[in-house]
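Because only heavy atoms are used, hydrogens play no part in the values below, and waters and symmetry mates are left out as well, while side chains stay in. Treat the numbers as computed from the prediction; the structure is a model and nothing was measured.
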Amino acid sequence: MTFEEKLEILTESAKYDVSCSSSGSRRKNMSGGIGNAAPTGICHSFTPDGRCISLLKILMSNECVYNCEYCPSRNSADSRRARLTPDEICSLVIGFYKRNYIEGLFLSSAVFGTPDKTMELLYETVFKLRKVYRFNGYIHLKGIPNADPQTVMKAAALVDRMSYNLELPSEKSLKLLAPQKTRQSLLLPMLNLKSALDDEKQNGNRRKIIPAGQTTQLIIGASPENDGQILKLTESLYRKINLRRVYYSSYIPVVQSDKLPTVGAGLLREHRLYQADWLIRFYGFDAGEICGEGENLSKEYDPKCAWALRNMHLFPVEINKAPLEALLRVPGIGAKSAYKIIEARRYAALDFDCLVRMRVVLKRARHFITCKGKFYGSDSTAQIKNSLLIAGRSEADEQLCMFSEPAAAMSAVTGEL
Amino acid sequence: MKIFITDGLPDTFFTAVFAAYGEKDCTVSSDTQLQLPLDGEIINVVYDKEKSRRVLQTINKYDGEAESDITLVLHSGDSRKEQICLEYIRILVNNKAPVKNMLNNAVILSFNDLIYKMTGEIHRLKGLLRFTESAEKILYAPYSPDNDITEYLMRHFAARLKSEKFVIHDIKRGTAGVYDGEHWILGKANAAQISISESQGFYEKLWKTYYESTNVKERPHDKQMKRSMPVRYWKFLPEKK
């Protein structure tokens with residue numbers, strides 16, 4: 001097998017991992033070294049599916065002892081197998097990095113032999129890359145469940161980000177679809193890393209281990225959990241384990257199995273979950289406010305609109321007086337616009353035209369605000385609902401075909417995916 | 001009406017501001033294609049160290065970031081850049097405090113737009129620039145950006161590729177930045193001839209393989225790709241050739 005064929009196989013096997021972000025780290029270059037990290041992250045190319053390429057995302061090997069139902073690399077699958085050595089990976093990274101093809105490496109692997117052995121080889125690779133090849137660019141390393149915690153900690157001290165994929169939103173589904181993995185084998189290493197980070201912080205040390213934190217990924221629609229349950233889980237992952245990102249991957253039936261649904265979950269559901277995720281992280285919402293237990297997110301309205309329609313008594317808010325928290329809750333006003341309004345109103349009271357000039361999108365917002373006391377929206381809730389539906393539809397057409405992100409247009413620029 | 005013509009360098013612009021500031025109705029431009037009005041009085045501005053210094057001193061007094069913001073805007077490819085900067089300075093001096101966030105003012109908005117376009121293209125090209133390795137192990141990146149951003153890219157890559165030697169060549173403007181492993185300089189540069197290294201073809205081929213394999217064919221979204229990576233940048237990308 002040629003090197004090129006190996007690369008092809010190991011890239012194909014890695015591509016269903018959604019994350020490709022290179023943000024959150026300020027790693028510096030050193031003398032005689034190559035590379036540094038950009039805190040905003042940098043996208044180096046975009047594929048025809050609209051996703052950004054920031055990191056070289058490959059598996060070290062796709063030979064797997066596990067037999068997770070949904071996974072194309074599972075043990076019982078009849079697929080081409082390949083493995084790369086640590087040195088092969090390192091020289092590929094340097095060769096690509098020098099030419100400015102990539103921002104760094106996203107290394108993952110199927111479990112070959114034992115979890116310990118796999119983790120050991122992943123560690124060896126990142127060790128060589130940092131110490132022998134003197135590479136200071138971004139490294140995202142996937143953790144192997146059930147591997148020796150000491151090896152994991154040694155690796156964490158060398159890389160910028162680590163992630164364990166929870167894959168399924170509940171213990172029950174995990175048992176059914178990935179019987180060799182347990183919730184505990186995934187959550188425990190995440191908690192270990194979190195407490196190591198807390199220790200560092202308490203001792204006032206500058207961040208040495210995983211400066212860009214941890215992330216995880218959930219498959220949506222392969223198992224029966226509803227959005228309320230998923231968002232509750234998401235919220236606790238952010239608030240209790242301080243994850244930087246939770247990625248959602250809408251289930252695509254690439255694998256035939258009687259335990260799996262035969263149809264995909266659809267991109268709208270994934271899209272709505274990302275919108276809700278944003279509200280939890282950047283807009284001060286609780287999961288319970290957005291989606292009740294046992295419920296699913298609205299298909300018709302984005303989660304913020306849906307919340308506002310349930311809470312019409314809080315609106316309209318006066319654009320020249322409302323505090324930041326209230327502005328952030330206005331449908332159609334994003335974080336950037338909210339900050340712009342706060343800054344601009346220091347100089348002069350803002351009217352509707354000012355907002356238009358500042359390029360605040362008012363299609364939805366106009367029903368929920370007043371400018372200098374004047375209201376520009378529709379009178380009845382029924383009318384508002386109707387025009388929000390129309391405003392949402394043109395946007396949904398645009399976004400439905402989008403790969404995964406509500407803020408993809410912006411994050412594509414910042415590489416924050 | 002007085003028309004101040006500069007050579008496009010920020011220093012010369014600041015000299016021009018010294019004279020133009022008090023003129024009610026005037027134009028400052030480095031645009032050689034400028035349409036001149038019939039009653040226009042043309043003044044060719046020559047850089048004057050003392051005049052520039054005094055203008056900068058005033059600007060810095062009111063806003064510590066204004067000088068770098070204005071310098072950034074002066075690297076824009078927009079032909080109105082000098083005029084916008086002059087008006088920006090007028091507002092700043094009148095206000096005697098930073099005006100960047102005065103977003104209900106049309107001049108400030110245009111100024112911020114140009115900043116946005118500059119930082120946007122700089123950020124984009126930090127990702128989309130492609131180096132080719134020459135037989136002498138020098139990395140060479142030709143490109144033709146909308147704005148004059150080579151200086152900003154040099155800073156980025158000099159930190160990142162500290163131990164390499166590289167050249168970033170702006171083909172559109174005939175300028176290049178050269179880094180020799182320790183320092184970098186900007187200069188004029190015409191067409192370059194390079195002989196590529198042995199491994200260049202190997203890595204380019206692997207990169208194309210990677211690009212094709214990492215794409216999820218089941219979810220095509222051409223529009224999103226082109227929005228994030230406009231077609232005008234493609235001719236320098238090996239994966240798009």
Side-chain angles (χ1 to χ4, degrees), chain A residues 3-4 7-9 11-12 14-16 28-36 38 40 42-54 56-58 92 95-96 98-101 103 134 137 252 254 267 340-341 343-344 346-348 350 354 357-358 401-403 408-409 412-415, chain B residues 95 99-106 108-109 113 119-120 123-133 139 141 156-157 159-164 166 199-200 202-229 237-240:
Chain A
F3 186 72
E4 202 180 325
L7 177 64
E8 193 186 327
I9 294 170
T11 306
E12 292 270 355
K15 72 179 172 191
Y16 293 101
K28 294 262 182 298
N29 203 350
M30 54 180 175
S31 73
I34 179 167
N36 57 11
T40 52
I42 295 174
C43 294
H44 286 252
S45 192
F46 290 83
T47 38
D49 55 16
R51 293 198 296 171
C52 112
I53 298 180
S54 183
L56 169 66
K57 182 161 54 182
I58 48 168
L92 183 63
F96 276 7
K98 248 203 228 172
R99 290 165 177 80
N100 205 37
Y101 298 162
E103 197 59 18
R134 302 176 79 79
I252 319 172
V254 278
L267 300 188
K340 268 201 266 183
I341 291 168
E343 285 301 336
R346 282 181 219 271
Y347 296 93
L350 306 174
C354 283
R357 274 204 304 275
M358 286 160 62
C401 43
M402 193 150 75
F403 186 68
V413 180
T414 61
Chain B
N95 191 55
V99 292
K100 207 178 192 169
N101 292 319
M102 222 184 243
L103 294 173
N104 50 357
N105 182 303
I108 308 289
L109 278 175
D113 272 354
T119 51
H123 182 83
R124 202 170 237 165
L125 265 303
K126 281 179 184 173
L128 296 181
L129 199 74
R130 294 285 181 268
F131 288 104
T132 304
E133 193 182 55
L139 299 167
H156 172 77
F157 285 102
R160 173 163 283 206
L161 303 172
K162 207 181 241 181
S163 319
E164 309 290 325
F166 63 84
S199 63
Q200 180 60 33
F202 174 69
Y203 281 110
E204 235 172 66
K205 191 140 181 276
L206 287 177
W207 173 238
K208 284 185 196 170
T209 304
Y210 178 74
Y211 182 80
E212 271 153 37
S213 314
T214 201
N215 177 42
V216 178
K217 291 181 196 69
E218 296 85 1
R219 300 176 84 161
H221 197 350
D222 213 52
K223 208 166 144 194
Q224 174 70 9
M225 169 177 69
K226 286 178 178 157
R227 183 159 40 201
S228 314
M229 188 169 75
L237 302 173
E239 68 269 30
K240 283 295 172 194

Fill in the blank from the handout: Checked M30(A), R134(A), E12(A), K98(A) vs chain B; the most non-hydrogen pairs under 4.5 Å come from K98(A)
Exercise for the section: Please confirm whether the backbone N or O of N215(B) pairs with a side-chain atom of D49(A), one donor and one acceptor, at under 3.5 Å? Expected result: no
Handout entry: When P238(B), S163(B), A141(B) are compared by non-hydrogen pairs under 4.5 Å with chain A, the top option
Key = S163(B)
Practice task
Let me know if L92(A) has heavy atoms under 4.5 Å from chain B in its side chain, its backbone, both or neither.
Solution key: both
Practice task
Classify the side-chain pair Q224(B)/R51(A) by whether it contains a donor and acceptor separated by less than 3.5 Å.
Solution key: no
Practice task
May I ask you to name which of L109(B), T209(B), T132(B) has the most heavy-atom pairs under 4.5 Å with chain A?
Solution key: T209(B)
Handout entry: Per-residue contact mode, L128(B) against chain A (heavy atom under 4.5 angstrom)
Key = both
Exercise for the section: Find the distance between OH (Y101(A)) and OH (Y210(B)) and round it off to the nearest 0.5 Å. Expected result: 14.0 Å
Exercise for the section: Return yes if some donor-acceptor pair links the side-chain N/O of Y211(B) with the main-chain N/O of F46(A) below 3.5 Å, else return no. Expected result: yes
Handout entry: Partner residues of E343(A) under the side-chain hydrogen bond (donor to acceptor under 3.5 Å, both in side chains) criterion, sequence neighbours left out
Key = R346(A), N101(B)
Exercise for the section: Tell me, for K28(A) versus chain B, whether the close heavy atoms (under 4.5 Å) come from the side chain, the backbone, both or neither. Expected result: neither
Problem - Any R219(B) side-chain heavy atom under 4.5 Å of L267(A) side chain - result: yes
Practice task
Go through the steps for I42(A) and R124(B) under the test side-chain contact (heavy atoms from CB on, under 4.5 Å), then give the verdict.
Solution key: CA-CA 8 Å; I42(A) 295 174; R124(B) 202 170 237 165; over 6 Å; no
Exercise for the section: Please answer whether the main-chain N or O of L129(B) pairs with a side-chain N or O of N100(A) as donor and acceptor at a distance below 3.5 Å. Expected result: yes
Exercise for the section: Name all residues meeting the side-chain hydrogen bond (donor to acceptor under 3.5 Å, both in side chains) criterion together with K226(B); count only those two or more places apart in sequence or in a different chain, and write none if there are none. Expected result: D222(B)
Exercise for the section: Enter the distance from W207(B):CH2 to F96(A):CZ here, rounded to the nearest 0.5 Å. Expected result: 6.5 Å
Problem - Region of L56(A) that comes under 4.5 Å of a non-hydrogen atom in chain B - result: both
Exercise for the section: Answer yes if the side chains of E239(B) and S45(A) hold a donor-acceptor pair under 3.5 Å, and no otherwise. Expected result: yes
Handout entry: Test log, rule side-chain contact (heavy atoms from CB on, under 4.5 Å), inputs E133(B) and R99(A)
Key = CA-CA 8 Å; E133(B) 193 182 55; R99(A) 290 165 177 80; 3.4 Å; yes
Exercise for the section: Using atom types as modelled and distance alone, determine if a side-chain donor or acceptor of N104(B) lies under 3.5 Å from a backbone N or O of C354(A). Expected result: no
Exercise for the section: Specify which of D113(B), V99(B), I108(B) makes the most heavy-atom pairs with chain A at under 4.5 Å. Expected result: D113(B)
Problem - Residue pair K208(B), E4(A): steps toward the salt bridge (charged side-chain N to carboxylate O under 4.0 Å, His left out) verdict - result: CA-CA 10 Å; K208(B) 284 185 196 170; E4(A) 202 180 325; over 6 Å; no
Practice task
Would you check if the side chain of K57(A) reaches a backbone N or O of T214(B) as a donor-acceptor pair within less than 3.5 Å?
Solution key: no
Practice task
Answer with side chain, backbone, both or neither: which region of S199(B) has an atom nearer than 4.5 Å to a non-hydrogen atom of chain A?
Solution key: both
Practice task
Check whether any side-chain heavy atom of F202(B) lies under 4.5 Å from a side-chain heavy atom of F3(A), and answer yes or no.
Solution key: yes
Practice task
Measure distances from L206(B) to the heavy atoms of chain A and classify the residue's part below 4.5 Å as side chain, backbone, both or neither.
Solution key: both
Problem - Toward chain A, the part of F157(B) with a non-hydrogen atom under 4.5 Å - result: side chain
Handout entry: Toward chain A, the part of E212(B) with a non-hydrogen atom under 4.5 Å
Key = neither
Practice task
Taking the side chain as every heavy atom from C-beta outward, state whether L103(B) and Y347(A) have any pair of such atoms under 4.5 Å apart.
Solution key: no
Handout entry: Distance in Å, M229(B) CE paired with C52(A) SG, rounded so as to fall on 0.5 Å steps
Key = 10.5 Å
Practice task
Output yes when a side-chain donor or acceptor of R160(B) lies under 3.5 Å from a complementary backbone atom of G35(A), and no otherwise.
Solution key: no
Practice task
Let me know if I34(A) has heavy atoms under 4.5 Å from chain B in its side chain, its backbone, both or neither.
Solution key: both
